[in-house]
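Working notes for the structure below.
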2 protein chains.
Amino acid sequence: MAFIRQLVQGMQHVRNYYNSDAQMIRGGFHQTFISRTYKTSFLKPRSKVEIKLLAAKKHSEAEKRRRMRINGQYETLRNILPNIIKKDKASVLAETIKQVKELKKKVSKLEQDSSSNPSKDVVKFPNGTDKLNLERCNNDEGIVKATLSCEDRLGLMSSISGALEQVKAKVVKAEIVSVGGRARSVLWVQGLGNDGTGTLKSKLRVAMQKPPKMQRFTQ
Amino acid sequence: MAFIRQLVQGMQHVRNYYNSDAQMIRGGFHQTFISRTYKTSFLKPRSKVEIKLLAAKKHSEAEKRRRMRINGQYETLRNILPNIIKKDKASVLAETIKQVKELKKKVSKLEQDSSSNPSKDVVKFPNGTDKLNLERCNNDEGIVKATLSCEDRLGLMSSISGALEQVKAKVVKAEIVSVGGRARSVLWVQGLGNDGTGTLKSKLRVAMQKPPKMQRFTQ
DNA sequence: GTGAACACGTGAAAC
DNA sequence: TGTTTCACGTGTTCA
């Protein structure tokens, strides 16, 4: 009966549990058996039982290595993750999942922030071609972002604010950078009507191209 | 011998392995045994063997639940993480560790970016107290970031640019926001000497507090 | 026929 | 007390 065979192996195995190599295992068997195989091969196991035992030992050792590998990774997870209260495997995994999700959300949020980050816009185009672009902010309804780059000159800002005044728009925020004679501005404009966008755009285009001249400055 | 007892239990257990409740297990025993306990209690197990078997069953089932719980979390990890090639437990854990580290690094990097992000600075303090702060940029050597918030007024920007002119500094970038009569500006200033920072600071303080008056604007 | 990976049941320890 | 968690050795399957 197969089951009995397993039991015998199991008992042998238990008896030799703490032996750590093939010689020790062999030492656990009857002397008569050993002497039968002694002359043909000194250390190599011969009998089917021996082979099975060695295989079992190898198997359990491999399994132990696998367990240790996995447990080591649990340990590093425990060290990496903050706010670990319970440190059993299931909790570690649960906390890991939670943290990964949070981190992912955080990253996507931060990446979106930095992509909609005005400073990046300003830095983005240091080229010499004139540009004018108006777009509705997707974050804030009613706010229009005007991006313009042109030659920097005396009174440019006055011209621009004049254009804004004409359409009764209010600048709630502005970023201006002037590099190498080129100016780039990003204006967040509030209070434009539905048709105000087109009007502002044309007025801004004029302001950008207005020839330089001395002006009375009234902010 | 304790070992034999376990074996018997083990065989019983194996025989009843696929039964799913106490009644089925009881059905696996001799009829004589059942009739002995039949009158006193209909369904509750009586003998020590039965109790042990039930305990073993409960134990193995609990262990199975635990395994399933953990494996479910492995599965969610496999779904959450991108770029999973090998999906065995060790690889999943390894990949998880890697991803967590990467995400952490990414987050700290992005958070640093956004903390040195001028827009955030501008938005950060909408309060009514005057402030003036100069600090060296840790990204760009030689660039000083001047952050100032004060009452908005006619000619404020002229005063500030006048102060900058006096120390022969150049503004490479500026962010200005005016809300509710308060102005907040962040200026990135280049070309300051070692002692220029202090000088600029005092000049800026004067410019901020200068009483409003009409001025000739020369940008 | 090896090695790797997994699920399983079980003894032991923690609480 | 019983419940929970872990390590272990084993059987099995897959490449």
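A, B, ... follow the sequence lines: proteins, then strands. Residue 1 opens every chain. Given the structure is predicted, the values throughout are model-derived calculations rather than measurements.
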Identify, between A/Lys58 and A/Ile70, the residue whose nearest nucleotide on DNA chain C lies closer to the 5' end.
-> A/Lys58
From CD of A/Glu61 across to C1' of C/dG3 the rounded distance in Å is 14 Å
Please figure out whether B/Glu63 or B/Lys86 has its closest DNA chain C nucleotide nearer the 5' end.
-> B/Lys86
Would the number of heavy atoms belonging to other residues, nucleotides or ligands and lying under 6.0 Å from NZ of B/Lys201 be above 12?
-> yes
For B/Ile80 against A/Lys104, the heavy-atom pair lying closest together = O-NZ, 2.8 Å
With distance as the sole criterion, do the side chain of A/Arg66 and the base of C/dG3 form a donor-acceptor contact below 3.5 Å?
-> no
Please give, in whole Å, the distance from C/dG3 P to A/Leu54 CG?
-> 12 Å
Are B/Lys89 and B/Asn71 side-chain neighbours, meaning at least one heavy-atom pair lies under 4.5 Å?
-> yes
Can you find a donor-acceptor N/O pair under 3.5 angstrom joining the side chain of A/His59 to the base of D/dG11?
-> yes
Is C/dG1 paired to anything, Watson-Crick or G-U wobble with both distances less than 3.5 Å, and if yes, which nucleotide?
-> none
Any strand: nucleotide that pairs with C/dT10 via Watson-Crick or wobble, under 3.5 Å = D/dA7
Whole-Å distance separating the CG atom of A/Asp88 from the C1' atom of D/dA7 = 15 Å
When the distance from NZ of B/Lys89 to P of C/dC8 is rounded to whole Å, what number comes out?
-> 10 Å
Decide yes or no for B/Leu134 and B/Val189: does some side-chain heavy atom of the first lie under 4.5 Å from some side-chain heavy atom of the second?
-> no
Any side-chain heavy atom of A/Glu63 sitting closer than 4.5 Å to one from A/Arg66?
-> yes
Can you tell me the distance, in whole Å, between the CD1 atom of B/Ile51 and the P atom of D/dG2?
-> 10 Å
For atom CZ of A/Arg65 and atom C1' of C/dT2, their distance in whole Å | 13 Å
Side-chain atoms of B/Arg67 come closest, of D/dT5, C/dC8, D/dG9, to C/dC8
Would you classify B/Arg69 as touching base, sugar-phosphate or nothing, given that sugar-phosphate means primed atoms plus P, OP1 and OP2, and contacts are heavy atoms under 4.0 Å?
-> sugar-phosphate
May I ask you to evaluate whether B/Asn71 reaches the phosphate of C/dC6, defined as a side-chain N or O under 4.0 Å from OP1 or OP2?
-> no
Could you check how far CD of B/Glu75 sits from P of C/dA7, rounded to whole Å?
-> 10 Å
Does a side-chain N or O from B/Lys64 land closer than 4.0 Å to OP1 or OP2 of C/dA7, or not?
-> no
Measure the distance from CE on B/Met68 to P on D/dT4 and round it to the nearest whole Å.
-> 16 Å
